[in-house]
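A short worksheet on the structure shown next.
Computation of the quantities below employed the complete heavy-atom set of this structure, encompassing side-chain atoms and omitting hydrogens, waters and symmetry-equivalent molecules. Residue numbers begin at 1 in each chain, while the letters A, B, ... track the order of the sequences.
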Amino acid sequence: MKYSFLDNTLLSRLGSLPIDARVPMLGNVAGKHRSPHRGSSVEFAEYRKYVPGDDTRRLDWKAFARSDRFYIKEFEADTNLRAYFVVDASGSMKFAGQGEAKIQYARRIAASLSYLLVNQGDAAGLSICTDKLHLEVPPSRRAAHLDRLFSTLDNLQPSGPTGLLEALHTIAEKISQRAFVVILSDLFTEPEALGDALQHLRYRKHDISVFHLMDPLEISFDFERPHRFVDLEDQTALVVEPNLVAEEYKTALRDFLAEVRAKCHDAAADYQLVTTDTPLEPLLRDFLTARLPKSKH
Amino acid sequence: MLWGLFAASIPVIIHLLNRRRHKTIQWAAMQFLLKATRESRGKKKLRHFLILACRTLGIAALMFAAARPIISGLLGWGGGQIDMVVLVLDRSASMELRSGDGQAPRRQMVLQKVRDSMQTLGNARLVLIDSATENPQDIPSPEVLAELSSAAATDTEADFPTLLNRAAEFLQNTPGRAEIWLASDLQSSNWHPDDERWAAARASLADLPQKPAVRVLSISGTSAPNTALSILSSRRAGDELLLDLELLQTTEARGSVNIPLTANLNGTRTTDSLTIPGQSLRLQKRLTLPPGSETGYGWLSIPADGNDRDNVAYFAYGPARAVKTLIVSPPGETAAYLALSSAPPDFGRQQAEIIDPTRATDLKTSDVATVLWAAPLPTGTAAESLTRFIASGGQVVFFPSGKAPTGNFLDQNWQPAQDADRDKYFIIKEWNHADGPLRDGLNGTPIPADRIKAIRRQVPIGSAAVLARWEDGEPFLTRQILDRGTIWFVSSAPDYTWSNLGDGDVLLPLTQRIVALGTERFDAAYIAAVGSEPGSSLPGEVRSRLDDFGSPDPANIDHLGGVFKLGDRLIALNRPAAEDTLEILNREDLDTALSGTGYTLLEQAGQADDPSLSRDVWRAFLIALIFFLIAEALLCLPSKTTVQVLTPQPSKH
């Protein structure tokens with residue numbers, strides 16, 4: 001493959017695992033995902049009493065023979081899944097301390113999941129956000145669409161402050177049907193505002209997954225000598241004696257992570273704090289396995 | 001030392017270099033960094049600077065503790081420039097004791113240190129008050145200090161209360177920012193810590209317009225092996241000169257030591273070998289005088305050792321004279337026994353004269369060594385003449401008369417006579433074997449005082465020292481010293497109606513020893529201590545040295561031992577006996593003597609043998625070092641509110 005963020009071995013290993021939606025999906029194409037509507041799939045849903053006007057072909061004659069009552073067999077409708085990968089392209093995503101750059105890690109996740117989704121007949125789309133740019137690649141099931149998606153990811157150049165919150169609100173308003181929204185960001189924004197954006201998505205009944213990307217160095221803050229820290233988003237600089245502020249830094253970070261986690265929990269989002277030195281395969285396998293319906297385990 | 005102080009600045013230099021050598025890093029999580037910086041600005045910075053201060057002070061304390069120098073102590077603690085240093089120099093004989101390595105006497109060591117210290121003080125004026133002359137003297141340059149006669153060795157003793165007072169008087173007339181340096185070996189006999197004159201000296205210092213800093217420069221420490229020779233007493237007995245000698249080892253004695261003793265009598269030398277069994281040896285040296293010798297002199301010496309000033313003892317003697325004892329007693333057995341014991345037949349020139357108490361109103365005692373008084377205590381003119389006799393060095397022994405007590409004599413009196421129970425005796429239970437006339441002989445043989453059986457006794461009352469007691473604790477023999485003489489009370493009489501004291505084995509040594517003490521009254525004029533009143537020149541007297549021992553400095557002739565002709569007088573002058581004592585002033589006594597002066601005690605590096613004296617100089621720095629290290633470690637400890645380890649943890653829904 002011509003894209004560095006795609007790993008053939010990884011994709012072939014994960015190919016056997018389906019990507020399931022945690023909430024019923026609405027779609028105009030029959031697929032493998034549950035729909036809130038009753039349909040004609042092979043998946044039995046429930047019995048209900050016959051009412052005049054029902055299709056007699058759906059009467060359960062065996063039940064009639066046993067109970068002398070008419071019952072209609074209902075089956076779940078299957079539909080396809082529409083996934084949106086929201087990739088934060090702010091300057092902070094460029095940071096590469098002890099792991100790879102956060103944006104590169106985000107590329108790998110978005111590309112791998114997109115590939116798997118399209119491969120199983122679902123639609124994958126992309127939403128890239130900065131404070132100035134909100135680039136969207138609409139979801140599509142076509143294999144040819146993947147190349148456009150990968151190309152967009154490849155050309156991504158993170159810079160400036162984050163536009164994640166605006167992007168999430170836009171997606172919540174814009175997408176009329178239920179969708180699988182995967183957020184890939186370091187979430188360096190106000191947790192309160194982030195909570196509002198997630199609640200907006202939840203209100204629209206979207207299935208939300210958050211990959212919170214952090215560099216190991218950002219967590220450990222392991223520095224010996226004084227450093228001049230230059231902000232990747234607005235280029236402000238600060239000379240700091242790390243051992244003087246390490247404790248306060250870690251306390252502030254811990255509070256932030258706890259708050260973000262709580263906000264995701266409130267919005268019923270699937271939250272994962274991921275450091276960029278984490279191997280991708282076990283991460284995605286665990287992610288996908290956890291999403292499988294329990295009956296399929 | 002300067003390098004050490006430079007080392008103390010290393011933590012600061014490292015800190016400053018570190019601040020300049022920062023790396024630039026592009027950083028994403030800026031919001032937390034800004035928040036952390038805001039929160040840690042106050043107390044964290046303070047803590048950081050405290051750590052830095054602890055490290056700096058810790059290194060400085062280590063340097064001071066390791067150096068332990070005099071200079072740093074003398075100059076480092078004063079605070080500010082000083083105009084003048086008043087050096088109070090102990091020139092006593094004990095200051096000539098060499099240090100453990102045998103290199104230099106303590107006096108020279110301290111002069112060297114003072115000279116070095118003065119060089120770092122720049123143009124500060126140096127004033128010397130030496131213990132021999134006790135007069136302030138301007139020293140033009142510290143370089144010449146060691147060559148000055150007024151800083152040379154003497155055979156005197158030092159009197160520090162007076163010296164400090166002199167320093168205060170001098171500063172009273174010479175205002176300025178001054179320091180007083182007391183350079184001494186802290187020999188207790190030179191400091192008189194309980195002397196009331198300290199209060200006056202301290203008050204004089206406190207009254208000064210600018211209170212000077214007081215530094216005590218102690219030169220006590222390990223010393224080279226040393227033996228001190230001294231003459232305790234000298235007495236001429238006919239054609240013999242009896243010298244009571246003492247040899248004292250000033251270092252820890254290990255086994256017996258053989259030492260040659262050279263005697264020089266009127267230019268004739270003889271040498272004997274002595275064995276000192278332990279730390280000290282007392283012996284009587286008998287020198288046979290040349291036939292027809294009226295007066296003469298000489299010295300005793302031992303080989304050179306740790307202190308050159310205490311290896312010689314000088315003596316001189318005058319014409320032989322009769323040793324006369326006056327016995328005031330009614331005729332009878334007591335008078336006879338006392339006469340026999342004080343002047344036994346064939347006992348040289350000893351004489352005894354018995355006087356009836358009724359005729360003892362006006363005693364002629366100018367040629368009398370001892371008075372034995374076996375009668376009611378004297379009153380009136382008899383008491384007055386006896387008091388004068390005692391004050392001039394005479395010895396008076398009172399024996400009981402059995403009469404009812406009358407008036408006191410010098411606050412002493414008799415109790416009524418007591419008779420022992422039938423078939424019982426008063427027995428002497430304990431007596432002083434080391435001191436007094438019942439002391440053991442030179443060869444260790446005890447006086448058989450426990451053989452005395454008394455059927456009658458008359459116990460003295462008063463504040464005299466008890467040297468022997470009866471079985472029931474009542475005194476048998478007491479001693480009261482009055483001026484140069486002594487009053488003795490014996491509580492039974494050599495009479496068969498009193499006791500068997502007349503048997504002689506106790507009475508004879510008792511009487512003879514007291515008579516010997518009495519004869520020193522005449523011989524004392526020939527021997528004295530350097531600096532004492534008899535040894536000082538009277539107005540008009542010319543002092544000339546007769547002996548040829550050593551190479552004395554003519555400029556210090558008034559402060560050196562030797563045999564001298566003072567006008568018409570012949571006198572041998574020796575260093576004061578107190579200079580041989582080993583007792584060193586302890587810290588509590590020094591605190592008492594110099595209380596309120598805020599003094600600093602400093603000690604020669606590497607020479608301390610008394611840890612209590614050097615503790616506050618360098619141990620204080622060690623304690624400070626430990627304190628700073630502990631403080632630094634505590635400040636470096638992470639705070640108790642530990643931050644939880646941040647690990648990625650997915651939240652599943």
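- In this structure, chain B has a heavy atom under 4.5 Å from the side chain of A:Phe221, while its backbone stays farther away.
- Contacts of A:Leu283 with chain B are absent, with no heavy-atom separation under 4.5 Å from either backbone or side chain.
- Within the 4.5 angstrom heavy-atom criterion, only side-chain atoms of A:Lys102, from C-beta onward, approach chain B.
- Outside the 6.0 Å centre-distance limit, the rings of B:Trp27 and B:Phe32 are not counted as a close aromatic pair.
- For B:Gln26, the parts lying under 4.5 angstrom from a heavy atom of chain A are both the backbone and the side chain.
- If you measure heavy-atom distances from A:Thr162 to chain B, you find no contacts under 4.5 Å at all.
- Under 3.5 Å, the side chains of B:Thr592 and B:Ser595 contain no donor-acceptor pair of N or O atoms.
- Chosen from A:Val240, A:Asp231, A:Val210, A:Asp234, the residue pairing most often with chain B at heavy-atom distances under 4.5 Å is A:Asp231.
- Note on ring orientation: taking the six-membered ring where Trp is involved, the planes of A:His227 and A:Phe229 are tilted (angle from 30° to 60°).
- Judged by distance alone, with hydrogens and angles left aside, the side-chain atoms of B:Asp83 form no donor-acceptor pair with the main-chain N or O of B:Gly176 at under 3.5 Å.
- Between the A:Glu218 side chain and the A:Asp215 main chain, a donor and an acceptor come within less than 3.5 Å of each other.
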